[in-house]
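Bear in mind the structure is a predicted one, so any value in this text is a computation, not a measurement. Each residue takes its place number in the sequence, starting with 1.
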Amino acid sequence: MKIIDITQELFSCNVYPGDKQPTYERVCTIAENGYNLTTFSMSVHNGTHMDAPGHFVAGRKSVHELDLSIFYGPCTVVEVEGEISGEKMAAILKSCQERLLIKGDCSFSEASAVALAASHVRLIGIEGQSVGSLEDPAFIHVIMLEKDVIPLEGLVLTDVAPGEYTLAAFPLLMEGSDGSPVRAVLISQE
Ligand SMILES: [Zn+2]
């Protein structure tokens, strides 16, 4: 068994334009206090994280209300560059697991997001910081989140070959939150 870390380091992570940068403060040190103690501050959408449906859809589930089985289990990794067409997504959906990670610099067309939202997929992972476009972040998010397809954003799939894995990427238990950082890993049987 091999565990592949697909998470960004938090304090040097990619920050979505307009989001807060993660910061930390060493409030106690071994030299002065006898122990190290750190506090930190961040957006729940910094680095490698998941979005809850309530991020873009009023009245929908927050992080603490989501079924944890979404975040663990069989997972397919595919590689796509550029905009994903509806036909391309339909082909991927024919043979992928309930968790689908897309490696590459990709974006979703409306047709691909609609096909995904109507499919068996419960979690969609990408390397970019947002499944939506910079110009209209809400549009693709809403298509997915209205059907409870959970985006897992900011993954690092550089060293991951397309194929079949087990994903583990649990959110923190944060009542009412619209997203959460995760430690995402792929487990391969090799
Ligand atoms: Zn997000």
(Q) Evaluate Ser107 against Glu83 for side-chain hydrogen bond (donor to acceptor under 3.5 Å, both in side chains), listing each step before the verdict. (A) CA-CA 5 Å; Ser107 62; Glu83 190 181 72; 4.6 Å; no
Q: Evaluate the criterion side-chain hydrogen bond (donor to acceptor under 3.5 Å, both in side chains) for residue pair Arg122 and Ser69; output intermediate values, then yes/no.
A: CA-CA 10 Å; Arg122 304 169 76 198; Ser69 67; 3.2 Å; yes
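- In the hydrophobic clustering of this structure, Ile84 groups with Val131; members are Ile, Leu, Val, Met, Phe, Trp, Tyr whose side-chain heavy atoms approach within less than 4.5 Å, directly or through other members.
- The environment of OH in Tyr24 is sparse: at most 12 heavy-atom neighbours from other residues, nucleotides or ligands sit within 6.0 Å.
- Counting only N and O atoms by type, the side chains of Gln8 and Glu127 include no donor and acceptor under 3.5 Å apart.
- Hydrophobic clustering of Ile, Leu, Val, Met, Phe, Trp and Tyr side chains at less than 4.5 Å, counting indirect connections, unites Ile126 with Met89.
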Q) After noting the C-alpha distance and the side-chain angles of Asp159 and Ile4, does the key distance pass the side-chain contact (heavy atoms from CB on, under 4.5 Å) rule? A) CA-CA 9 Å; Asp159 298 325; Ile4 308 162; 5.6 Å; no
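- Residues Leu101 and Cys75 come closest through the heavy atom pair CG-SG, 3.5 Å.
- Partners of Asp5 by salt bridge (Lys or Arg N to Asp or Glu O under 4.0 Å), not counting sequence neighbours, listed by chain and number: Arg183.
- Among all heavy-atom pairs drawn from Val80 and Ile92, the shortest one is CG2-CD1, 4.0 Å.
- For residues 116-156, the pairs satisfying ring pair (Phe, Tyr, Trp, His ring centres under 6.0 Å) are His55-His141, Phe56-His141, with sequence neighbours left out.
- Smallest separation of non-hydrogen atoms from Gly179 and Met174: O-CE, 3.5 Å.
- Contact check for Leu100 versus Val78: side-chain heavy atoms found under the 4.5 Å cut-off.
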Q: List the steps and the verdict of side-chain contact (heavy atoms from CB on, under 4.5 Å) for Ile124 and Phe108.
A: CA-CA 11 Å; Ile124 177 71; Phe108 294 91; 3.8 Å; yes
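- Counting heavy atoms from C-beta on, the side chains of Leu37 and Arg26 never come closer than 4.5 Å.
- Considering only residues two or more places apart in sequence or on other chains, Phe170 meets the ring-ring contact (aromatic ring centres under 6.0 Å, His included) condition with none of them.
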Q.
Set out, in order, the CA-CA distance, both residues' side-chain angles and the distance that settles side-chain contact (heavy atoms from CB on, under 4.5 Å) for Leu66 and Phe71, then state yes or no.
A. CA-CA 10 Å; Leu66 293 173; Phe71 304 101; 4.1 Å; yes
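- Proximity of Val77 to Leu186: side-chain heavy atoms (C-beta onward) are separated by under 4.5 Å at one or more points.
- Between the side chain of Thr76 and the backbone N or O of Glu164, no donor-acceptor pair lies under 3.5 Å.
- Annotation for Tyr72 and Arg99: closest pair O-NH2, 3.1 Å, computed over non-hydrogen atoms.
- Within the 4.5 Å cutoff, no side-chain heavy atoms of Thr7 are placed close to those of Val156.
- Looking at every heavy atom in both residues, Ile140 comes nearest to Ala113 through CD1-CB, 3.8 Å.
- The main-chain N or O of Gly154 is never found under 3.5 Å from a side-chain atom of Asn14 such that the two would form a donor-acceptor pair.
- Residues Thr29 and Glu32 have side chains that never bring a donor and an acceptor to within less than 3.5 angstrom of each other.
- Within 6.0 Å of the CG atom in Asp67, the count of heavy atoms belonging to other residues, nucleotides or ligands exceeds 12.
- For the residue pair Lys88 / Ser112, no side-chain donor-acceptor distance below 3.5 Å is found, with atom types taken as modelled.
- Between the NZ atom in Lys103 and the CD atom in Glu81 there is a gap of 9.5 Å [rounded to 0.5 Å].
- Of all heavy-atom pairs spanning Leu68 and Pro171, the tightest one is CD2-CD, 4.2 Å.
- Cluster annotation: Leu157 and Tyr165 are assigned to the same hydrophobic cluster (Ile/Leu/Val/Met/Phe/Trp/Tyr, side-chain heavy-atom contacts under 4.5 Å, transitive).
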Q) So Leu167 and Ile6, side-chain contact (heavy atoms from CB on, under 4.5 Å) or not? Walk me through it. A) CA-CA 10 Å; Leu167 173 76; Ile6 54 170; 4.1 Å; yes
